[in-house]
Amino acid sequence: MKDFRLPASFADAVDFDARLKDIDPALGCDADLLDKTGPMGQSIQIGNKTLRNRFAIHPMEGWDGTHEGLPSEATLRRWRRFGLSGASLIWGGEAFAVVPEGRANPNQLHQGSSASAGDGLKGLLKELCIGREEAGVEQQDFFAGLQLTHSGRWSSPTKAGASPRIAYRHPTLDERAGVQSDEAILTDEEIAALPGKYAAAALLAAEAGFGFVDVKCCHGYLLHEFLSARSRPGPWGGDFEGRTRLFREIVAAVREAAPAIEIGVRLSVTDLFPFSSGEEGRGEPDGLEKNLPYEAAFGLNPDNPLQPDFAEPFRFISLLEKMGISLINLTVGSPYYCPHAQRPAAFPPSDGYQPPVDPLESVAAHLLAARACKEEFPHMIFVGSGYSYLQDWLPHVAQNEIREGHVDFVGLGRMVLSYPELPTDILAGRPLRKKQVCRTFSDCTTGPRNGMPSGCYPLDPHYRGLPEAKRIRALRPRKN
Ligand SMILES: Cc1cc2nc3c(=O)[nH]c(=O)nc-3n(C[C@H](O)[C@H](O)[C@H](O)COP(=O)(O)O)c2cc1C
């Protein structure tokens with residue numbers, strides 16, 4: 001028995017609204033859904049583009065690239081389905097590693113040395129257009145970016161396993177990431193070479209036809225880690241100036257190499273002390289007391305590292321504004337050490353733990369973080385994350401957040417794997433296809449954690465029919 005109510009158990013949106021208000025009286029959802037004439041169909045200007053709806057697709061990798069780092073048939077299918085959504089903003093598509101050693105898994109897309117990397121990227125955009133055509137939406141009304149990444153601490157580029165490259169020795173994450181010595185720390189020379197790698201990848205993206213690149217600063221990957229590198233000596237650590245230096249150098253290099261491409265940033269705007277499985281398999285902050293004050297995180301209160309502190313994230317967003325970067329995709333924490341916060345779910349992945357709180361509270365943390373940013377920076381364009389757990393009520397909450405101006409785009413992550421047509425259904429005023437609604441079984445995370453590709457194994461017939469589906473079901477953790 002779960003000690004929280006699953007979203008599907010609420011009778012209607014009014015009932016669900018009451019539960020949201022229980023968590024925070026400021027939250028809420030709309031009782032009646034509107035079609036494209038309502039908030040979700042409002043136009044918005046990004047640069048010289050007019051986008052005609054408020055749905056975004058989050059980056060969702062599939063651990064399914066070829067060993068040269070090129071898209072496979074499964075990758076192309078996923079991008080086709082991103083297009084099928086009709087969402088006007090395709091944020092990043094999936095993580096694309098700027099160097100092969102910075103891949104998070106051996107099947108991650110990367111620019112590597114393959115002469116075909118550019119063709120691979122063009123192929124992804126082509127699939128987006130095929131999907132959009134299938135959905136019957138206008139071809140010119142969307143804006144697509146490519147997410148540029150270096151996985152840093154979570155690099156695992158070959159079948160040999162973890163090969164972490166870090167900004168600084170970390171009090172709680174070194175052991176989890178397999179860091180054994182200072183050899184994992186990137187040298188100043190290695191860091192100095194990175195802006196050129198990002199620039200080369202951005203140029204490839206520009207030549208392939210992408211409108212923007214996401215200089216990824218989230219989920220514990222390299223550029224996110226640099227934002228908390230207070231203990232790193234030298235030019236790329238220490239004070240705020242030092243910790244943001246690498247990011248600023250990358251942006252400058254990208255602009256020089258590919259001046260026409262826009263830049264966006266996916267940012268973990270707050271973090272959480274690392275959790276692990278405790279009593280009865282439930283998540284617990286692991287060793288919190290003995291790590292106080294906790295300085296090794298970005299956007300977290302050092303004296304209570306379960307609470308956000310937006311002072312530095314706001315300083316960073318203000319820096320972005322000054323640098324002329326207005327596109328920000330807000331996310332929280334990391335899937336490696338606080339998955340319940342990053343991707344709220346009813347059922348944990350195989351390496352996770354039972355939710356320590358009602359997952360709706362974790363969704364609320366995403367919503368409230370986005371609201372805080374929008375209130376502080378009304379002219380920036382923010383994409384919100386963490387909506388998939390809302391399930392049947394996702395469109396109701398989305399409509400409320402957009403109508404009230406709390407966020408500019410509602411991003412879809414796991415929901416797009418099971419139900420890519422959700423945005424077109426809502427905008428056309430059609431009822432939800434309940435059988436396709438993501439129920440957050442976390443199989444899409446369990447698969448890759450166990451060396452298998454990602455996909456919606458419970459609900460997408462393509463993945464349900466694969467032999468891996470049975471193996472993944474058997475790996476689902478049971479509550480003790
Ligand atoms: C299978 C899977 C792959 C993901 N791949 C990426 C990725 O490549 N880049 C990224 O920034 N986030 C990635 N994420 C995180 C999602 O973009 C999103 O933040 C998360 O799923 C929460 O949103 P949701 O509640 O709509 O699922 C991934 C998540 C999942 C489950």
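In each ligand, atom 1 is the first atom listed, and ligand 1 is the first ligand listed.
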>> Using a 4.0 Å cut-off to any heavy atom of K216, which atoms of ligand 1 qualify?
In response: 9 (N), 10 (C), 11 (O)
>> Evaluate G413 for polar contact with ligand 1, using N/O atom pairs at a separation under 3.5 Å.
In response: yes
> Cut-off 3.5 Å, side chains only: do R266 and H58 have a donor facing an acceptor?
Replying inline: yes
>> Among all the protein's non-hydrogen atoms, which is closest to atom 31 (C) of ligand 1, and how far away is it?
In response: R343 NH1, 3.4 Å
>> Is it the case that the side chain of D443 and the backbone of T446 share a donor-acceptor pair, with hydrogens and angles ignored and the cut-off at 3.5 Å?
In response: no
>> Under 4.0 Å, heavy-atom basis, I'd like to know which part of T445 is in contact with ligand 1: side chain, backbone, both or neither.
In response: side chain
> Going by atom types only, do Y419 and D425 share a side-chain donor-acceptor pair under 3.5 Å?
Replying inline: yes
> Is there a nitrogen or oxygen of A95 sitting under 3.5 Å from a nitrogen or oxygen of ligand 1?
Replying inline: yes
>> Heavy-atom distances under 4.0 Å decide this one: backbone, side chain, both or neither, for P59 against ligand 1?
In response: both
>> Going by the closest heavy atom to atom 3 (C) of ligand 1, which one wins out of E61, M415, H366?
In response: E61
>> Ignoring hydrogens, what is the shortest heavy-atom contact between C456 and S418? Give both atom names and the distance.
In response: SG-CB, 3.7 Å
> Between Q147 and ligand 1, is there a nitrogen or oxygen pair with a distance under 3.5 Å?
Replying inline: yes
>> Can you check which of R266, R78, H58 brings a heavy atom nearest to atom 12 (N) of ligand 1?
In response: R266
>> Under 4.0 Å from a heavy atom of R414: which atoms of ligand 1 are those, numbered in the order shown and with their elements?
In response: 21 (O), 24 (P), 25 (O), 26 (O), 27 (O), 31 (C)
> Considering only heavy atoms, which of M60, Q342, Q108 lies nearest to atom 22 (C) of ligand 1?
Replying inline: Q342
> Who's the nearest protein heavy-atom neighbour of atom 24 (P) of ligand 1, and how far?
Replying inline: S388 OG, 3.3 Å
> Looking only at heavy atoms, which two atoms of S155 and H150 are closest? And how far apart?
Replying inline: OG-CE1, 3.9 Å
> Among side-chain atoms of Y463 and S454, is any donor-acceptor pair under 3.5 angstrom?
Replying inline: no
>> Just to verify, which of F382, F212, F210, F409 counts as forming a ring pair (Phe, Tyr, Trp, His ring centres under 6.0 Å) with W91?
In response: F212
> Taking distance alone, with no angle check, do Y389 and ligand 1 share an N/O pair under 3.5 Å?
Replying inline: no
> Quick one: does S385's side chain have a donor or acceptor within less than 3.5 Å of a partner on L330's backbone?
Replying inline: yes
> Hey, is W63 touching ligand 1 through its side chain, its backbone, both or neither, going by heavy atoms under 4.0 Å?
Replying inline: side chain
> Which residue supplies the protein heavy atom nearest to atom 1 (C) of ligand 1, what is that atom called, and how far is it?
Replying inline: S454 OG, 3.1 Å
>> I'd like to know if R433 pairs up with E421 as an ion pair, taking the criterion as any Lys NZ or Arg NE/NH1/NH2 lying under 4.0 Å from an Asp or Glu carboxylate oxygen.
In response: yes
>> Between D3 and R282, does any NZ, NE, NH1 or NH2 come within less than 4.0 Å of an OD or OE carboxylate oxygen?
In response: yes
